[in-house]
Protein chains: 2
Amino acid sequence: MTRHEKHFSSNKEKEFEFTCRKHGLSLTIQRRAILENLAGRTDHPTADQIYDAVKEHLKGVSKTTVYRVLETLVNFGLARKVNNPEAKARFDADTSRHHHLTCITCGAVLDIHAQQLNRLSFPEELHGDVEFIDYSINFNGRCPACLKKSGAKNTE
Amino acid sequence: MTRHEKHFSSNKEKEFEFTCRKHGLSLTIQRRAILENLAGRTDHPTADQIYDAVKEHLKGVSKTTVYRVLETLVNFGLARKVNNPEAKARFDADTSRHHHLTCITCGAVLDIHAQQLNRLSFPEELHGDVEFIDYSINFNGRCPACLKKSGAKNTE
DNA sequence: AAATATTTGACATTTATTACCATTTGCAAT
DNA sequence: ATTGCAAATGGTAATAAATGTCAAATATTT
Ligand SMILES: [Zn+2]
Ligand SMILES: [Zn+2]
Ligand SMILES: [Zn+2]
Ligand SMILES: [Zn+2]
């Protein structure tokens, strides 16, 4: 019983309460339980995995609520969506080493080719623990079209 | 008519034919058309978008085929899946700046915290064209558990 | 405690992806 | 060119993830 509660560090709990109050969000037991579960694990669970875990302690939770609460948590910066910015796979015939920028305004995905980004060194302190094979970088920002539309050309 | 065909660079076409022959894959018009379409655009389309485009030239293509062919192309290195290594979103309560390693063996997602990775400089040559806001790095490799199991501890 | 605004739960629906299988097609050997 | 067979396709049906709806329940305010 105390096992999972100790993971809901009072830091995260305070941040949760603060953020909810700040934005006029109700402090519901569902929100608390879902964030508590997510904060108590490091395996980057899916919505379904969180649902499976939470329903043990909170009999009757709806899966809909889990999806909704997760979205809320992400929107207010209390959690982060690691994969799948959208729910569809995107394909690329360019198999050369390059990276991507996703436009936060229109969702476009642009190629970022830059030599300097292809020479990242893997963190030494982790060698031995894990094996690094490759990497790709996901930038987020704004594409040329949306930049032009908004007129926000910061040249600084 | 020549508009889209010129994009199917003879390089990619040769690579396609070579790879198919090398692995005993049939050279079907569906595979050719789908790769031709994908290679002729840079917008990282979804399977559905490719289907919409391809069916114009290849009346009667099945959406199933598009999904299947894309999978084949990715498996044989002729294309790349940019988003959604799997079709589910994963969540993280750690909103601090960090990166992720996805284990190619078991699919686990691990946090990679390393200061050196948080100081990437955005490619200068792109300043002005696009606006960079943030980034995250997706490593792929193998997690400690799978590394240990396979006994492949390369300490070099 | 009562009034009000928000959130939830159950169900239905949409959307992405995969499974299945009969038919067709690519391809190699006549 | 014809034949034979393995491989691939098309159509449909089935999963699975995610979202929409709305009355009932709950949190917050008064
Ligand atoms: Zn844009
Ligand atoms: Zn790309
Ligand atoms: Zn693993
Ligand atoms: Zn993480």
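- In this structure, the CD atom of A:Gln49 is 11 Å from the P atom of D:dA18, given to the nearest Å.
- Between A:Tyr67 and the phosphate of D:dA18, there is a side-chain N or O to OP1/OP2 separation shorter than 4.0 Å.
- Between A:Arg90 and B:Asp43 there is no salt bridge, since none of the side-chain N atoms of the basic residue sits less than 4.0 Å from a carboxylate O of the acidic one.
- In terms of position on DNA chain C, the residue among B:Leu27 and B:Asp48 whose nearest nucleotide sits closer to the 5' end is B:Asp48.
- A salt bridge links A:Arg97 to A:Asp134: one of the charged nitrogens lies within less than 4.0 Å of a carboxylate oxygen.
- Distance CZ (B:Phe91) to P (D:dA17): 12 Å, rounded to an integer number of Å.
- More than 12 non-hydrogen atoms from other residues, nucleotides or ligands lie less than 6.0 angstrom from CD of A:Glu125.
- Between A:His100 and B:His44, the ring planes are perpendicular. Angles over 60° get that label, and only those under 30° would be called parallel.
- Taking the centre of each ring, A:His23 and A:Phe76 come in below the 6.0 Å mark.
- With rounding to whole Å, A:Leu70 atom CG is found 11 Å from D:dT19 atom P.
- In this structure, the NZ atom of B:Lys63 is 12 Å from the C1' atom of C:dT14, given to the nearest Å.
- A donor atom on one side chain and an acceptor atom on the other are not found under 3.5 Å apart for A:His98 and A:Asn118.
- Atom CD1 in A:Ile50 sits about 13 Å away from atom P in D:dA17, given to the nearest Å.
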Kindly indicate, with the supporting measurements, whether the criterion side-chain contact (heavy atoms from CB on, under 4.5 Å) is fulfilled by A:Arg80 and B:Asp94. CA-CA 7 Å; A:Arg80 169 184 177 190; B:Asp94 183 352; over 6 Å; no

At a cut-off of 3.5 Å, list every protein nitrogen or oxygen paired with a nitrogen or oxygen from nucleotides 8-12 of chain C, distance to 0.1 Å.
residue	atom	partner	partner atom	Å
C:dT8	OP1	A:Thr28	OG1	2.9
C:dT8	O3'	A:Gln30	NE2	3.0
C:dG9	OP1	A:Gln30	NE2	3.2
C:dG9	OP2	A:Ser62	N	3.2
C:dG9	OP2	A:Thr65	OG1	2.7
C:dG9	N7	A:Arg68	NH2	3.0
C:dG9	O6	A:Arg68	NH1	3.1
C:dC11	N4	A:Thr64	OG1	2.9

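- Take the nearest nucleotide of DNA chain D for B:Leu25 and for B:Lys88: the residue whose nucleotide is more 5' is B:Leu25.
- Here the P atom of nucleotide D:dA18 and the CD atom of A:Glu71 are 11 Å apart, to the nearest Å.
- A centroid separation of less than 6.0 Å is found between the aromatic rings of B:Phe122 and A:Phe139.
- To the nearest 0.5 Å, atoms CZ (B:Phe91) and CG (A:Leu35) are separated by 12.5 Å.
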Below 3.5 Å is the cut-off: list the nitrogen or oxygen pairs between protein and nucleotides 3-5 of chain C, distance only.
none

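- Ion pairing between A:Lys12 and A:Glu15 holds under the 4.0 Å rule for side-chain N and carboxylate O.
- Near DNA chain C, defined here as any heavy-atom distance below 4.0 Å, there are no residues from residues 77-85 of chain A.
- The cationic atom of A:Arg32 (NZ for Lys, CZ for Arg) does not lie both less than 6.0 Å from the six-membered ring centre of A:Phe8 and within 45° of the ring axis.
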